[in-house]
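This report refers to the structure that appears directly beneath it.
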Amino acid sequence: MFNEKSYQPQEFEKNIYKFWEEKKYFSANVDKNKKPFCIIMPPPNVTSQAHIGHALDMTYQDVLVRFKRMQGYSALWLPGADHAAIATETKLVAKLKSEGKTKEQIGRAAFDKEAWDWYNYYGNRIMTQFKELGFSADWDKYRFTMDKQSTDAVLEAFIRLYNKGLIYRGTRQTHWCVSCKSVISDDEVVYSEEQGNMWHIKYPFADGSGHIIVATTRPETLFGDTAVAVNPKDKRYKNIVGKMLKLPLTNRQIPIIADSYVESDFGTGMVKITPAHDPNDYEVGKRHNLEFISVIDKEGKLTANAGKDFIGMQIKEARAKVEELLKEQGLLEKVEPYKHSVGHCERCKTAIEPMITEQWFVKMKDLVKPAIEVVKNGGLKIHPKRFEKNYFHWLNNIQDWCISRQIWTGHRIPIYYCDNCKNVIASKAMPTKCDKCGHTHFTQDSDVLDTWFSSALWPFSTLGWPNKTELLDYFYPTSVLVTGYDILTQWATKMVYMGFECAGQTPFKNCLIHGLVRDEFGRKMSKSLGNGIDPLEVSEKYGADALRIALIKDMALGMDSRFSMSKVDSARAFINKIWNASKFVSLHNNDIELLSLDNIRLENKDKWILTKLSDTIKTITTNIEKFDVGLALTNVMNFALNDFCDWYIELCKPSIYSGGVSKQNTVSVLSFVFDNVLKLLQPFIPFVTEYIYQNIKLFDKASSVMISAFPAPIKVTSYKEAYMLQENIIEAIKQIRNTKADLSIASNQKPQTYYEGQLDNAGLNQIQKLANIEFVTEKVHGNIVYTKVGDFIIADQSKDIKELKADLSKEIERIKFEISRSSNMLSNPRFVEKAPKQLVESEKEKLLENQRTLSNLLKKLNSL
RNA sequence: GGGAGUUUAGCUCAGCUGGGAGAGCAUCUGCCUUACAAGCAGGCGGUCGUAGGUUCGAGCCCUACAAUUCCCACCA
């Protein structure tokens with residue numbers, strides 16, 4: 001018997017989870033008798049512990065997996081973690097620094113060991129946290145982007161793409177982070193508005209015929225200028241194009257060139273061109289065959305090209321010195337404050353330096369074609385659909401992907417250079433002999449791969465690719481990818497084109513996009529604001545189930561949500577309600593032999609709740625299948641709270657208290673419906689539903705609610721009449737309660753009530769109990785409640801005939817208004833013609849019924 | 001500069017192919033009714049951002065405007 005005082009999740013959640021794990025309920029395998037359903041967990045970065053955003057993302061997935069598992073699919077949720085190369089390296093370097101060490105001091109091998117300790121520590125920690133939140137991933141299949149299987153896939157993919165000519169090495173203008181000492185990709189640069197200065201500098205003509213003025217935010221790059229450009233259509237400067245300028249602070253001369261990149265109306269309409277340190281200037285430089293002079297090195301210091309006085313100087317220092325010298329020489333026109341956007345490294349926030357470096361790239365143009373096509377032809381559906389626009393925009397404008405990084409954390413690029421002839425060999429392991437010169441010594445490329453390279457392979461590397469495994473064959477393409485809109489373009493797109501390239505198919509058939517979790521004021525959660533919420537803290541205090549509800553309830557697809565403790569509170573209140581309902585069910589069914597539905601003579605209330613239940617099952621199923629998990633949860637909560645707890649349990653009480661067969665029947669239906677409630681709630685709040693399920697008596701119970709069959713709709717077509725009658729009784733109860741409140745009769749007072757109508761005793765008993773009134777056989781003086789199941793006169797001596805007549809007239813007016821509304825609609829020929837037939841019919845019915853009611857009321861008014 | 005959202009009750013948000021405006025929280029009133037005071041019952045509260053348009057009918061479709069959030073591009 002289930003009779004524990006109150007809901008204390010701390011007391012059972014851990015044990016329930018242990019039970020599930022011991023029973024291996026999460027493990028999903030190739031089963032030809034079942035249909036596959038598969039979600040690959042987006043691997044959290046091992047940079048820190050799990051945050052509330054993970055909790056949301058994973059809860060979505062857990063709901064889907066638990067639902068599909070109950071529906072009889074072989075439902076695999078494959079977990080894993082990501083090494084997050086640059087991000088982790090930043091943390092590792094900081095950790096070493098705090099110990100007074102640098103990575104160069106300890107060397108690459110020791111650094112690798114440090115990295116693995118870190119991976120293991122945070123990887124374990126995150127997964128432990130996920131278990132506390134109840135996530136039903138198949139932990140035995142846990143993968144890590146740096147593990148052997150994943151590394152194998154990375155090497156294989158790299159070599160295949162290299163051999164196809166899709167990976168190449170090139171010298172490009174790239175974003176350099178002087179702090180990470182690595183190139184970073186376009187995606188890893190974040191721009192922010194910064195207050196800086198605009199320096200207006202005089203560039204004298206070489207022939208001494210005066211000067212021009214150029215404006216710049218980076219005067220220290222002047223040493224790398226190889227031209228000044230104007231717009232070819234700019235009439236002001238037509239005559240000077242081709243003239244030579246004397247570059248200040250140097251002995252060099254540079255030409256004035258014309259290029260349409262320059263906007264005439266910006267500044268002076270003249271731009272200094274520094275091809276080695278500005279992406280746009282780089283393009284201009286290529287078009288005009290300009291010299292590329294590097295003046296800033298990878299440490300962020302000026303090079304020899306900047307001249308003796310500046311060599312080795314930090315950028316800021318150099319900037320001040322340039323300003324000082326220009327001023328001395330009378331070449332500084334003016335300096336004015338200027339706000340502009342500056343790129344920063346996503347990880348360490350250092351201002352990035354555009355710089356020409358040699359890197360590895362993936363050729364994108366052809367690679368992305370199938371990824372675009374698959375969304376167009378519906379092979380991959382993005383939910384909600386509007387995110388397709390972002391997806392297409394991204395892929396249509398994609399640039400070659402820079403995949404090399406000058407750091408140590410990550411997969412080493414599988415390229416070997418012959419020490420003798422510099423021959424380049426792509427190979428998974430150190431080659432033994434050069435195929436060109438026969439030399440036997442090689443040096444591996446020192447760079448590692450962008451962390452996204454391995455995550456791009458995630459949906460199939462986790463399933464065993466490049467090997468042809470059974471898992472891959474059965475579960476690939478996977479069913480759905482669940483992720484936030486913030487990494488749709490950065491990550492999801494990469495998996496799709498690599499999926500086609502490597503595994504020949506889309507990696508997932510659906511992509512579910514959700515929003516971000518914000519704080520209760522709508523701000524992003526961040527460390528600097530200190531407004532982050534630790535999901536574990538919440539779950540330990542209020543239960544994982546309450547947290548799960550608080551996260552996804554009322555959450556519309558693709559929309560941001562605000563998290564607040566008041567949501568957790570109301571979620572817990574709901575769970576507590578279910579807890580108490582189970583106590584009620586258990587209290588009454590414990591010593592009763594439960595019957596199956598086929599062996600029960602159903603009462604109206606039973607047919608009513610079964611109809612509601614069946615409708616709810618249909619709605620929930622549809623909504624989860626549409627991936628609208630938030631709405632599905634609202635559906636089931638409404639049913640459990642309103643229909644089941646508020647009404648059905650109360651409607652059952654008269655039958656239960658009367659005992660005998662009536663009690664046995666009622667308790668059996670009650671148990672059946674509650675059984676269904678637990679099953680419907682299981683995907684959302686697995687702990688408490690399991691705990692109750694284990695401890696309560698039910699007809700034909702499975703060993704766990706999480707592996708029981710998800711409820712299917714019930715055949716209820718023949719219940720329609722009973723259902724309507726019960727609906728009308730409920731409506732009447734509400735009206736009577738309402739009237740009692742109007743009359744200031746306390747809810748615990750039972751006013752004498754006289755009834756005129758055709759209801760049977762069962763119905764009247766329900767009304768007497770739920771509206772808390774006392775039926776009398778002699779007509780009383782009082783307020784009349786007009787309902788669809790008859791009139792109820794509630795004794796009230798304070799009302800005289802006049803007031804009663806006024807009440808009645810008010811009711812008559814209301815009905816008249818309804819009648820005029822309906823007849824107006826129905827007398828509009830265009831409404832009758834164009835509106836759906838059902839709607840017209842129901843409007844006609846309403847009109848007829850209201851007309852009947854009106855004539856009854858008028859009769860009553862006359863008789864008063 | 002280009003694009004996408006959002007705007008509905010005091011707060012947080014639902015609202016399906018257009019067919020009588022919803023929930024939770026908050027607030028107010030009455031209740032310790034044998035599942036539940038972490039509760040029950042009832043109430044208050046909305047020209048659905050503004051202005052036009054389409055339609056028999058608009059929170060929903062179209063146009064413009066306003067406020068706000070985000071994404072992309074990166075301005076010398």
Side-chain angles (χ1 to χ4, degrees), chain A residues 2-3 6-7 186 189 191 198 214-218 229 261-263 266-274 278-281 338-343 384 386-387 389-390 393-394 397 485-486 488-489 515-516 518 520 522 553-556 558-564 566-567 569-588 619 622-623 626 628 630-631 634 637-638 641-642 645-646 649-650 653 657 734 737-738 740-742 744-750 769-772 818 821 824-825 828-836 838-840 842-843 846:
Chain A
F2 186 88
N3 189 23
S6 62
Y7 170 55
D186 295 356
V189 180
Y191 291 88
M198 183 75 92
V214 298
T216 180
T217 53
R218 309 254 347 234
Y261 149 67
V262 181
E263 283 171 42
F266 190 96
T268 55
M270 305 191 113
V271 190
K272 70 194 248 328
I273 300 296
T274 321
D278 182 281
N280 290 306
D281 294 5
Y338 184 70
K339 221 179 208 175
H340 60 139
S341 88
V342 180
R386 67 183 142 90
F387 285 104
K389 282 192 180 166
N390 298 26
H393 182 259
W394 181 270
N397 293 289
Y485 59 71
D486 50 332
L488 168 70
T489 48
L516 263 40
R518 297 171 174 277
E520 59 183 318
K553 171 99 196 304
D554 283 339
M555 180 125 175
M559 301 294 295
D560 286 354
S561 66
R562 298 187 188 193
F563 186 83
S564 66
S566 85
K567 287 187 182 182
D569 276 332
S570 65
R572 191 181 49 158
F574 168 77
I575 296 169
N576 191 49
K577 186 80 180 174
I578 297 299
W579 186 271
N580 285 313
S582 67
K583 273 161 68 176
F584 178 83
V585 174
S586 191
L587 181 70
H588 294 106
T619 318
T622 320
N623 283 329
K626 283 197 296 193
D628 201 338
L631 189 54
T634 305
M637 281 173 72
N638 283 343
L641 221 48
N642 303 333
C645 289
D646 288 353
I649 284 186
E650 297 303 324
K653 284 178 181 173
Y657 297 150
K734 286 184 184 170
R737 283 173 176 170
N738 200 315
K740 275 178 69 180
D742 279 352
S744 300
I745 300 171
S747 52
N748 62 342
Q749 296 297 306
K750 299 181 183 180
K769 169 93 179 113
L770 270 68
N772 213 28
E818 290 295 315
R821 194 189 141 271
N824 277 344
M825 278 175 89
N828 182 341
R830 276 174 290 195
F831 171 74
V832 180
E833 227 172 86
K834 293 182 178 177
Q838 270 189 331
L839 193 74
V840 179
S842 80
E843 210 54 50
K846 266 189 229 167

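In what follows, chains are A, B, ... by sequence order, proteins preceding strands, each numbered from 1.
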For A/Phe563, report the nucleic acid contact type (base, sugar-phosphate, nothing); a contact means any heavy atom under 4.0 Å.
nothing

Choosing from B/A76, B/G39, B/A4, which nucleotide comes nearest the side chain of A/Val271?
B/A76

Contact class for A/Val832 vs. all strands (heavy atom < 4.0 Å): base, sugar-phosphate, or nothing?
nothing

Does A/Tyr485 put a side-chain nitrogen or oxygen below 4.0 Å from OP1 or OP2 of B/G5?
no

Using atom CG of A/Asn580 as one end and atom C1' of B/C36 as the other, report the distance to the nearest whole Å.
3 Å

Looking at every strand, decide which applies to A/Tyr7 at a 4.0 Å heavy-atom threshold: base, sugar-phosphate, or nothing.
base

By the 4.0 Å heavy-atom rule, please label A/Ser747 as base, sugar-phosphate, or nothing.
base

Across the strands shown, which category fits A/Asp646 at heavy-atom distances under 4.0 angstrom: base, sugar-phosphate, nothing?
sugar-phosphate

Between CZ of A/Phe584 and C1' of B/C40 the distance, given in whole Å, is 14 Å

Between B/C70 atom P and A/His393 atom NE2, what is the distance in whole Å?
19 Å

Protein proximity profile, nucleotides 11-23 of chain B - base contact B, sugar-phosphate-only contact S, no contact -, cut-off 4.0 Å on heavy atoms
-SSS----BB---

From CH2 of A/Trp394 across to P of B/A4 the rounded distance in Å is 18 Å

Base, sugar-phosphate or nothing for A/Ala581? Non-hydrogen atoms, less than 4.0 Å.
base

What one-letter contact string describes nucleotides 42-47 of chain B from 5' to 3', where B marks a base within less than 4.0 Å of any protein heavy atom, S marks contact via sugar-phosphate atoms alone, and - marks no contact?
SS----

Rounded to whole Å, CD1 of A/Ile273 lies from C1' of B/A76 at a distance of 8 Å

Less than 3.5 Å between a donor and an acceptor, one on the side chain of A/Ser341 and one on the base of B/C74, is that the case here?
yes

Could you state the NZ-P distance from A/Lys577 to B/G24, rounded to the nearest angstrom?
12 Å

Pick base, sugar-phosphate or nothing for A/Glu650, based on heavy-atom distances below 4.0 Å to the nucleic acid.
base

Please work out if A/Asn828 contacts a base, only the sugar-phosphate, or nothing of the nucleic acid, heavy-atom cut-off 4.0 Å.
sugar-phosphate

Classify the nucleic acid contact of A/Lys339 as base, sugar-phosphate or nothing, counting any heavy atom under 4.0 Å across all strands shown.
nothing

Report yes if a side-chain nitrogen or oxygen of A/Asn748 is closer than 4.0 Å to either non-bridging phosphate oxygen (OP1 or OP2) of B/C32; otherwise report no.
yes

Sugar-phosphate only, base, or nothing, as touched by A/Ile649 at under 4.0 Å among non-hydrogen atoms:
base

Applying the 3.5 Å cut-off to both distances, the Watson-Crick or G-U partner of B/A35 turns out to be none

Quickly work out the A/Asp186 CG to B/C71 P distance and round it to whole Å.
16 Å

If you check the A/Asn576 side chain, which of B/A76, B/A38, B/C74 turns out closest?
B/A38

Angle class for the A/Phe266/A/Tyr338 ring planes (parallel below 30°, perpendicular above 60°, tilted otherwise)?
perpendicular

Could you tell me whether A/Lys653 and A/Glu650 have a side-chain N and a carboxylate O separated by less than 4.0 Å?
yes

